[in-house]
Enquirer: 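To start, I am sharing the structure in question, which I have written as structure tokens.
We count residues from 1, following the sequence as given.
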Amino acid sequence: MLIAITREVSPRLAACELSFVEREPIDVERALAQHHEYQRVLTTLGCEVRVLDTQLDMPDSVFVEDVAVVLDEVAVMTRPGAPSRRDEGASIAEVLRRYRPLRAIEAPGTLDGGDVLCIGRSVYVGESARSNATGIAQLRAILNEFGYTVIGMPTHGCLHLKSAVTALDNETVLLQPAWVERARFEHYRIIEVDTAEEHAANVLRIGAALVMPACFPRTRQRLLDAGYDVTAVDVSELQKAEGAVTCCSLVFTAA
Ligand code: CIR
């Protein structure tokens, strides 16, 4: 069974953290509707969606990906790089502890789940403004125990590693070469985003299917031409909060 943890959009979404995108008005009602459609798509693709209650005073709490890293053997609660986001994880830990042994990143380490890209037994971690060397070293120590290799990856010009690169399957990545060094992924088949679609590299993998934002038709066509099954969702209001598709769920298998 595939479980997807999500959280309802906070009515205070417009007060979100922003790093690389300009603040513009966010229509929260529309964000809610788009988020509901996103959850419906996850259900269609076979996920059982567990929706957590809104956290009214936590503007970014819809972006559940950042507070935990869930692998088959273990879940690691992160310590998000933005201090305003450090309380988002507690209620998610309560759910995750039913499914996985829990570990945690401790101060002064910081780590955002958006920086963690797992492909098979390789775990790439963005050396971003949100994930520091101590946090990455702690993650390495935890995951080495379970047979994973943790590889630090410099990013530039984007919020998280998964803004710049995501996996389409265990052999192929979708990559924005302006934000992460292409050569570091050359042992995979690489599909680049269309140059007109800067933010298109963030794609959510659900089994063999892919979910991506509707506003990147050229990159979507590249994926369709490569034989992938792609579902587009309109997440424009969540993108204004510097989110995309991976960040709105934590997807994992459960017995
Ligand atoms: C933040 O800056 O933390 C939020 N406004 C956006 C987080 C998006 N998270 C993600 O892509 N993993």
Enquirer: In the structure I gave you, are the side-chain heavy atoms of V28 and V9 within less than 4.5 Å of one another anywhere?
Expert: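 They are in contact (side-chain heavy atoms under 4.5 Å apart), so the answer is yes.
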Enquirer: Carefully, step by step, assess R222 and E197 under the rule salt bridge (Lys or Arg N to Asp or Glu O under 4.0 Å).
Expert: CA-CA 12 Å; R222 290 188 185 190; E197 297 177 344; over 6 Å; no
Enquirer: Specify the closest pair of heavy atoms between C247 and A244, including all atoms of both residues, with the distance to one decimal.
Expert: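 Heavy atoms of C247 and A244 come nearest at SG-N, 3.0 Å.
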Enquirer: Within the side chain of Q34, is there an N or O that forms a donor-acceptor pair under 3.5 Å with the backbone of E237?
Expert: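 Confirmed, Q34 side chain pairs with E237 backbone.
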Enquirer: Any side-chain to backbone donor/acceptor pair from T219 onto F216? Under 3.5 Å, distance only.
Expert: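 Not confirmed, T219 side chain does not pair with F216 backbone.
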Enquirer: So, R50 and E48, do they make that salt bridge, N to O below 4.0 Å?
Expert: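 Looking at E48 together with R50, the answer is yes, because their closest N to O distance falls below 4.0 Å.
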Enquirer: Compare all side-chain heavy atoms of C248 with those of V64 and state whether any distance is below 4.5 angstrom.
Expert: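 Answer no - side chains too far apart.
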Enquirer: Determine, using the 4.5 Å side-chain heavy-atom cutoff (strictly less than), whether I190 and I119 are members of one ILVMFWY cluster.
Expert: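 Both belong to a single hydrophobic cluster.
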Enquirer: Taking all atoms of both residues into account, what is the closest heavy-atom pair of D66 and P80, and its distance?
Expert: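 Heavy atoms of D66 and P80 come nearest at O-CG, 4.3 Å.
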Enquirer: Indicate if V125 and V173 have the same hydrophobic cluster label, given that clusters are the connected sets of ILVMFWY residues with side-chain heavy-atom separations under 4.5 angstrom.
Expert: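 Unlinked, V125 and V173 end up in two clusters.
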Enquirer: Keeping the roles fixed (side chain from S10, backbone from L56), state whether a donor-acceptor pair exists under 3.5 Å.
Expert: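 The answer is yes, because a donor-acceptor pair under 3.5 Å joins these two groups.
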Enquirer: Flag the pair V21 / K240 as yes when at least one side-chain heavy-atom distance between them is below 4.5 Å, and no otherwise.
Expert: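 No - every pair of side-chain heavy atoms lies 4.5 Å or more apart.
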Enquirer: Locate the shortest heavy-atom distance separating I105 from T110; write the atom from each residue and the value.
Expert: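 The answer is CG2-N, 4.4 Å.
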Enquirer: So L102 and V74, do their side chains get closer than 4.5 Å, heavy atoms only?
Expert: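 Heavy-atom side-chain distance check fails, nothing below 4.5 Å.
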Enquirer: If we ignore hydrogens and angles and just use 3.5 Å, is the side chain of D112 paired with the main-chain N or O of G81 as donor and acceptor?
Expert: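 It does hold such a pair.
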Enquirer: Passes side-chain contact (heavy atoms from CB on, under 4.5 Å), L161 versus S128? Steps please.
Expert: CA-CA 7 Å; L161 179 65; S128 72; over 6 Å; no
Enquirer: Work out which heavy atom in Y188 is nearest to a heavy atom in T172; give both atom names and the distance.
Expert: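 Residues Y188 and T172, closest heavy atoms: CD2-N, 4.4 Å.
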Enquirer: Quick one: does V203's side chain get under 4.5 Å of V211's, heavy atoms only?
Expert: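 No; the side chains remain at least 4.5 Å from each other.
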Enquirer: Look at the aromatic rings of Y124 and H187 and report parallel, tilted or perpendicular, splitting at 30° and 60°.
Expert: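 Because their plane-to-plane angle lies in the 30° to 60° range, the rings of Y124 and H187 count as tilted.
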Enquirer: Taking only Lys NZ, Arg NE, NH1 and NH2, and the carboxylate oxygens of Asp or Glu, determine whether D53 and R7 approach each other closer than 4.0 Å.
Expert: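 Salt bridge between D53 and R7, a charged N being under 4.0 Å from a carboxylate O: no.
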Enquirer: I want to check something: taking the side chain as every heavy atom from C-beta on, are T155 and E127 in contact at a cut-off of under 4.5 Å?
Expert: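 T155 does not reach E127 side chain to side chain.
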Enquirer: About how many Å separate CG of L210 and CG of L174, when rounded to the nearest 0.5 Å?
Expert: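 Output value for this atom pair is 9.0 Å.
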Enquirer: List the atom of A254, the atom of I3, and the distance in Å for their closest heavy-atom pair.
Expert: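 A254 and I3 have their closest heavy atoms at CB-CD1, 3.7 Å.
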Enquirer: Just by modelled atom types, is the F63 backbone N or O under 3.5 Å from a matching donor or acceptor in the R85 side chain?
Expert: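 Yes; judged by distance alone, with no hydrogens or angles, the pair exists.
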Enquirer: Has R121 got a side-chain atom pairing as donor or acceptor with F146's backbone, closer than 3.5 angstrom?
Expert: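 A pair under 3.5 Å: yes.
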Enquirer: Check whether any side-chain heavy atom of M212 sits under 4.5 Å from a side-chain heavy atom of R220, and report yes or no.
Expert: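 Heavy-atom side-chain distance check passes, below 4.5 Å.
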Enquirer: How far does CG of L45 sit from CZ of R205, to the nearest 0.5 angstrom?
Expert: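 It is 13.5 Å, given to the nearest 0.5 Å.
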Enquirer: Just distance, no hydrogens or angles: give the donor-acceptor pairs under 3.5 Å from side chains in residues 11-20, sequence neighbours left out.
Expert:
from : atom 1 : to  : atom 2 : distance (Å)
E17  : OE2    : S84 : OG     : 2.5

Enquirer: Please state whether the rings of H35 and Y38 are parallel, tilted or perpendicular, taking 30° and 60° as the class boundaries.
Expert: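 Rings of H35 and Y38: parallel, under 30°.
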Enquirer: Does the pair Y148 and R140 meet the rule for a side-chain contact (heavy atoms from CB on, under 4.5 Å), with working shown?
Expert: CA-CA 8 Å; Y148 292 91; R140 179 175 292 117; over 6 Å; no
Enquirer: Should S163 and N202 be marked as a side-chain hydrogen bond (donor to acceptor under 3.5 Å, both in side chains) after you check the CA-CA gap, both sets of side-chain angles, and the distance that decides it?
Expert: CA-CA 5 Å; S163 317; N202 186 264; over 6 Å; no
Enquirer: Are L224 and V233 co-members of a hydrophobic cluster defined by side-chain heavy atoms under 4.5 Å apart?
Expert: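 No, separate clusters.
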Enquirer: Is there a ring-ring contact (aromatic ring centres under 6.0 Å, His included) between W179 and H199 once you walk through the steps?
Expert: CA-CA 10 Å; W179 293 345; H199 288 269; 5.1 Å; yes
Enquirer: Keeping the roles fixed (side chain from E88, backbone from V67), state whether a donor-acceptor pair exists under 3.5 Å.
Expert: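 Flag not set: sc E88 to bb V67 has no pair under 3.5 Å.
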Enquirer: Working to the nearest 0.5 angstrom, can you tell me the gap between D87 CG and Q55 CD?
Expert: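 Nearest 0.5 Å value for the CG-CD distance: 8.5 Å.
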Enquirer: Judged by atom type as modelled, is there a donor-acceptor pair below 3.5 Å linking the side chain of T166 to the main-chain atoms of A201?
Expert: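 It does hold such a pair.
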Enquirer: Is K162 reaching over with its side chain to a backbone N or O of V116, donor-acceptor style, under 3.5 angstrom?
Expert: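 Yes; at least one donor-acceptor contact below 3.5 Å.
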Enquirer: Measuring from atom CD of E65 to atom OG1 of T6, what distance do you get when rounded to the nearest 0.5 angstrom?
Expert: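 The OG1 atom of T6 is 13.5 Å from CD of E65, to the nearest 0.5 Å.
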Enquirer: Are side-chain N/O atoms of N132 and R79 paired as donor and acceptor at under 3.5 Å?
Expert: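 No.
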Enquirer: Just wondering, more than 12 heavy atoms not from R218 lying within 6.0 Å of its CZ?
Expert: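 Result for CZ/R218: open.
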Enquirer: Could R182 and E192 be called an ion pair, given the rule that one side-chain N must be under 4.0 Å from one carboxylate O?
Expert: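 Salt bridge flag = yes for E192 with R182.
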Enquirer: Which pair of heavy atoms, one from L32 and one from E8, lies closest together, and at what distance?
Expert: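 Taking every non-hydrogen atom into account, CD2-OE1, 3.6 Å.
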Enquirer: Measure the SG-CG distance between C47 and L2 for me, rounded to the nearest 0.5 Å.
Expert: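 It comes to 5.0 Å.
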Enquirer: Let me see the working for Q176 and V165 under side-chain contact (heavy atoms from CB on, under 4.5 Å), right down to the final yes or no.
Expert: CA-CA 6 Å; Q176 165 52 282; V165 56; over 6 Å; no
Enquirer: Determine whether a donor-acceptor pair (N or O, by modelled atom type, separation under 3.5 Å) exists between the side chain of D234 and the backbone of A214.
Expert: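 Pair absent, no side-chain N/O of D234 close to backbone of A214.
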Enquirer: Do L52 and M77 belong to the same hydrophobic cluster, where Ile, Leu, Val, Met, Phe, Trp and Tyr are linked whenever their side-chain heavy atoms lie under 4.5 Å apart, directly or via other members?
Expert: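 Result: yes, single cluster for both.
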Enquirer: Taking salt bridge (charged side-chain N to carboxylate O under 4.0 Å, His left out) as the cut-off, I'd like each qualifying pair that reaches into residues 242-255, sequence neighbours left out, listed once.
Expert: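 Sorted result for residues 242-255: empty, none.
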Enquirer: Check the pair E73 / L143 against side-chain contact (heavy atoms from CB on, under 4.5 Å), numbers first and verdict last.
Expert: CA-CA 9 Å; E73 303 84 355; L143 296 188; over 6 Å; no
Enquirer: I want to check something: taking the side chain as every heavy atom from C-beta on, are M153 and V180 in contact at a cut-off of under 4.5 Å?
Expert: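 Contact flag for M153/V180 side chains = yes.
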Enquirer: So, taking the atom named OG1 in T231 and the one named CD1 in I206, what distance separates them when rounded to the nearest 0.5 Å?
Expert: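 Rounded to the nearest 0.5 Å, the OG1-CD1 separation comes out at 9.5 Å.
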Enquirer: Treating Ile, Leu, Val, Met, Phe, Trp and Tyr as nodes and any side-chain heavy-atom pair under 4.5 angstrom as an edge, say whether V251 and V95 lie in one connected cluster.
Expert: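 Not linked; separate clusters.
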